Amino acid sequence: MYRLVFTWPQAYPAYARVMERMTADVRFEEPASLRVARARALLVPGVAGPLRELGHALRRWGLPADAVEPLASAVRLAPTQVDTRVELARAYFESGQVEAGCHSAAEARVYGPSDTGALEAGVRCALAQGDTAGALLRLEEARRVDPRDARLRAAEGALKAAVEAPGPAPQRR
């Protein structure tokens with residue numbers, strides 16, 4: 001719930017009409033699902049679940065840098081939650097913080113050595129560092145853990161094609 005409070009001098013009663021027009025034009029651009037996630041995180045402070053959901057919602061709505069803080073807090077509150085660590089790594093990568101993303105991906109791997117999300121975060125780390133061969137090795141490892149995962153299979157195929165594709169022809173002078 002939001003409450004807007006306006007005050008103006010008694011000597012200018014016509015300001016009331018201006019304030020009414022201002023409030024009539026107020027619009028919330030933030031989606032309802034994100035407002036709900038923010039409210040839950042505020043209503044239940046110090047609990048990892050609502051913070052994780054807020055971070056996920058922020059990242060999903062294109063605000064990965066804003067997602068880092070609630071996700072990092074959720075990791076501190078529930079360090080064994082691999083999914084939260086993976087989500088934090090993604091938020092770091094999407095906000096351009098490669099080193100922090102790789103660190104989070106490595107920690108996710110410690111807590112979930114056979115978790116495909118943690119393995120995929122390692123793939124994202126290798127790709128962010130420009131190591132396509134290393135990314136392919138990590139992706140193959142993830143596929144061994146879950147060989148039927150269609151998403152991993154498609155990513156592996158695309159990455160293999162990119163690695164095996166011939167580079168651009170050298171320019172002649």
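Remember, it's a predicted structure, so these values are computed and weren't measured experimentally.
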Please tabulate, one pair per line, all N/O donor-acceptor pairs under 3.5 Å involving side-chain atoms of residues 4-17, not counting sequence neighbours.
none

Which atom pairs, donor and acceptor, lie under 3.5 Å between side-chain atoms of residues 124-139 and protein residues at least two apart or in another chain?
{"residue": "Arg124", "atom": "NH2", "partner": "Glu120", "partner atom": "OE2", "Å": "3.0"}
{"residue": "Asp131", "atom": "OD1", "partner": "Gly134", "partner atom": "N", "Å": "2.8"}
{"residue": "Arg138", "atom": "NH1", "partner": "Gly122", "partner atom": "O", "Å": "3.4"}

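When the side-chain contact (heavy atoms from CB on, under 4.5 Å) test is applied to Asp83, the partners found at least two apart in sequence or on another chain are Asp115. Evaluation of the side chain to side chain donor-acceptor pair (under 3.5 Å) rule for Thr84 yields Arg52 as partners, not counting sequence neighbours. With sequence neighbours left out, the side-chain contact (heavy atoms from CB on, under 4.5 Å) criterion links Thr116 to Val145, Asp146, Leu152. Qualifying salt bridge (Lys or Arg N to Asp or Glu O under 4.0 Å) partners for Glu156, counting only residues two or more places apart in sequence or in other chains: Arg143, Lys160.
A continuous path of ILVMFWY side-chain contacts below 4.5 Å connects Leu43 to Val47, so both sit in one hydrophobic cluster. Both Val75 and Tyr92 sit in one connected hydrophobic cluster of ILVMFWY residues. Membership requires side-chain heavy atoms under 4.5 Å apart, directly or through other members.
For the residue pair Glu99/His103, the side-chain donor-acceptor check at 3.5 Å is not satisfied.
Rounded to the nearest 0.5 Å, atoms OG (Ser73) and CG (Leu54) are 10.0 Å apart. One finds the OG atom of Ser33 at 9.5 Å from the NE2 atom of His56 (value rounded to the nearest 0.5 Å). Separation of atoms CZ (Arg38) and CG (Asp66) is listed at 7.0 Å; rounding is to 0.5 Å. Atoms CG and OG, on Leu88 and Ser104 in that order, are 3.5 Å from each other to the nearest 0.5 Å. Distance CH2/Trp61 to CG/Leu34: 8.0 Å, rounded to 0.5 Å. Within the model, atoms CD of Gln81 and CG of Leu71 stand 12.5 Å from one another, a figure rounded to the nearest 0.5 Å.
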- Message: Quick one, Cys102 with Phe93, criterion side-chain contact (heavy atoms from CB on, under 4.5 Å). Give me CA distance, side-chain angles, the key distance, then yes/no.
- Response: CA-CA 8 Å; Cys102 288; Phe93 290 134; 3.9 Å; yes
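Looking at Arg59 and Arg90, their side chains come closer than 4.5 Å, going by heavy atoms from C-beta outward.
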